[in-house]
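See structure below.
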There are 2 protein chains.
Amino acid sequence: MADVAERAGVSASTVSRTLRGLATVSPEVRARVEQAARELNFAVSRQAASLVTGKTGVVAVLVPTLNSWFIGSAVSALGPELRTAGMDVLVYVTPEMTERADFFERLPARRNADALLVFCFDLTAEEKARLDDLEMPVVYVSQHAEGCPSVYVDDVAGACRGTQHLLNLGHRRIAFVQSVGASGFAFSSNERVAGYQQALTRAGVPLDDDLVVATPVDDKRSIAEAIGELLSLWEPPTAIFAEHDELASWVIWTLRKARVEVPERISVLGFDDHPIAEWSDLSTVAQSPEDIGRAAGELARSLIDDPDADPGRHIVLPTRLIPRASTVPLRNGGAEGAEGGAG
Amino acid sequence: MADVAERAGVSASTVSRTLRGLATVSPEVRARVEQAARELNFAVSRQAASLVTGKTGVVAVLVPTLNSWFIGSAVSALGPELRTAGMDVLVYVTPEMTERADFFERLPARRNADALLVFCFDLTAEEKARLDDLEMPVVYVSQHAEGCPSVYVDDVAGACRGTQHLLNLGHRRIAFVQSVGASGFAFSSNERVAGYQQALTRAGVPLDDDLVVATPVDDKRSIAEAIGELLSLWEPPTAIFAEHDELASWVIWTLRKARVEVPERISVLGFDDHPIAEWSDLSTVAQSPEDIGRAAGELARSLIDDPDADPGRHIVLPTRLIPRASTVPLRNGGAEGAEGGAG
DNA sequence: CTGAAAGCGCTAACAT
DNA sequence: ATGTTAGCGCTTTCAG
């Protein structure tokens, strides 16, 4: 910076003021400084700046992976959102338990970021406690955290809406396939079941525990078994609501493999509006990870700028039903109908 | 840090030495210091440390988006790889041209990272020049850059291998569907066409420009038109090699919609081994973005640690053919065959 | 093996 | 509107 100052014939303070866009610099000097900075290929050292300002200009993001439609989209939207505020995004990818433990052990974000965004983690109580001690805003994304700022979609309302869609199509035997194991989404998972049950109850359809099955997403065998449970019920379902689109796609795949026509014999509804939903022509309850990412970024910024802001602020985003080809009206009042019956 | 020093009854220097794991600290003192640090929830400020060491402990990553199977996977693998070396990952997401321009205008990575990884960008000459002036290692991922360290798969060999697979199945009229517009992958795109042509030439199959069509991935209409061109040729193809799996999936979707059976009438081969390939039972030429990410991380580290290392080092990763259900032997020597013919 | 002192590059008062 | 000065929190000589 001294070099720039010398070249522009001013003091370091003036260079600093210019480069930070403070108004108290004469246009003529500003021009000289900017020119000199450009010529010297100069960029301010955040490290040094943050040392004195106390602000790092960095928002840390803790994620299990980036290789996920939801997280990838959300973080992608977060970047530009924060960039406009001059902030950078630091990602801590902790796919393994050991890496995650290491993160909490060393808390590297502690003084190296102005805020932390925690994505999709089912945290232990101890981990949660450490985050509470972090002395910086922590925003929870896609999960609740009592008394902590968080951003998530209204899973209950979304699942409720999806279920209502199936009810409106005449279905009464509606199954719910829940995913297990893929840690990090347990919160949404439970909420979605709750929404499903809520819609049924509201419609006066009795709940039937046999209609709710759970399976890991990445195990075709388990998915087949879960579907098998449903197909072997005395009154099998005429519609299946899957916790998310990827699972829904495998459900369809499994059903079709078993020569159960979708949607003629069984309607299938997903949740997320994952790209695969469009590809599979899957009806779904859409959420927007981009909106979530942006909202999380905004929330983080507002908490950084105004530490006195309500720390318990929750941002709940809406969902939208997207009807496609995988959900159709119930025909013949049962599971035996194929093509041909009039609506 | 002064607090920790006081609590442990030592000087700041000793705390620093302890926390950096230098061997020159007596075990007894080390224990005291570590205890004090833990109790005070202390974490070293990278900002302050880097000010004096000149190392930021940060690797910057420039990506168009994270919402991409390839980039998401690669960056996800990169994180843990660098974490073991105590480095953090800073992502610059520049989906829009304006954001990208802003990045190059301000070069925020300049003194705020020890290395820069550039993912999947078709850079202009001017942008390339600015990166050359950056005075830090710049690693190009999934693209060549003359004289610069880069990591990519052998697209030519992969496409060659894929084409050979189709040739081995008896196909001679093999089309190639190239994607256009989705900036950032132009390099691979051209390489793959080259590999396709190379395999054909080697097998003595004459090249036919009519068999190479291009379309944007995200425009079904254009895809349909591209397929239409192929289906209306005097000698239509019996196999289609798509530049990547997502495109291949849409090709299949388009063909099936037009009642052209895949693979009975036309075999389809993809490239990448994107998750959708497994879902679509698509034969494909696999690459591993995780391996690419890890290799890029290693390369970046070696360049940081040893600035005199060969700056023109290229790491070229292999591909593997994964045969699935979308490619079958040619039957009846032409395009009219459906089920039934003996091999 | 440990402590004292100097200074990394920058910003924030204060002074002009 | 611009220059001067004093640290920010750490690491690194250099002494002991």
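Chain letters run A, B, ... following the sequence lines, proteins first and then strands; every chain starts at 1.
The separation between B/Glu28 atom CD and C/dT2 atom P is 8 Å, rounded to whole Å. What separates CE of B/Met1 from P of D/dG9 is a distance of 11 Å, to the nearest Å. For A/Gln47 and C/dC10, the CD to P distance is 11 Å, given to the nearest whole Å. Remark: C1' of C/dA6 and CG of B/Leu51 are 13 Å apart, rounded to the nearest angstrom. Note: NZ (B/Lys55) to P (C/dC8) measures 18 Å, nearest angstrom.
The side chain of B/Ser11 places no N or O atom within less than 4.0 Å of a non-bridging phosphate oxygen (OP1 or OP2) of C/dT2.
Counting any heavy atom pair closer than 4.0 Å across all strands shown, B/Thr24 reaches a base atom.
If you take CZ on B/Arg32 and OG1 on B/Thr18, they are separated by 9.5 Å, rounding to the nearest 0.5 Å.
The nearest heavy atom of DNA chain C to B/Ala23 and to B/Arg111 marks one nucleotide each, and the one closer to the 5' end goes with B/Ala23.
The aromatic rings of A/His314 and A/His144 sit tilted, their planes meeting at an angle between 30° and 60°.
Among all heavy-atom pairs drawn from B/Leu134 and B/Leu116, the shortest one is CD2-CD2, 3.8 Å.
Remark: B/Glu99 does not engage A/Arg83 in a salt bridge, criterion side-chain N to carboxylate O under 4.0 Å. Salt-bridge annotation for A/Arg130 and A/Asp133: absent, with no side-chain N of the basic residue lying under 4.0 Å from a carboxylate O of the acidic one.
Taken over five-pair windows at either terminus, the axes of the helix from C/dC1-D/dG16 to C/dT16-D/dA1 are inclined to one another by 30° (rounded to 10 degrees).
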For nucleotides 12-16 of chain C, tabulate all protein N/O to nucleotide N/O atom pairs closer than 3.5 Å, reporting atom names and distance.
| residue | atom | partner | partner atom | Å |
| --- | --- | --- | --- | --- |
| C/dA12 | OP2 | A/Arg20 | NH1 | 2.6 |
| C/dA12 | N6 | A/Ser13 | OG | 3.2 |

Residues 295-305 of chain B, side-chain donor-acceptor partners within the protein, below 3.5 Å, at least two apart:
| residue | atom | partner | partner atom | Å |
| --- | --- | --- | --- | --- |
| B/Arg301 | NH1 | B/Glu81 | OE2 | 3.0 |
| B/Ser302 | OG | B/Leu299 | O | 2.9 |

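A donor-acceptor distance shorter than 3.5 angstrom exists from the side chain of B/Ser76 to the backbone of A/Leu66, with no hydrogens or angles considered.
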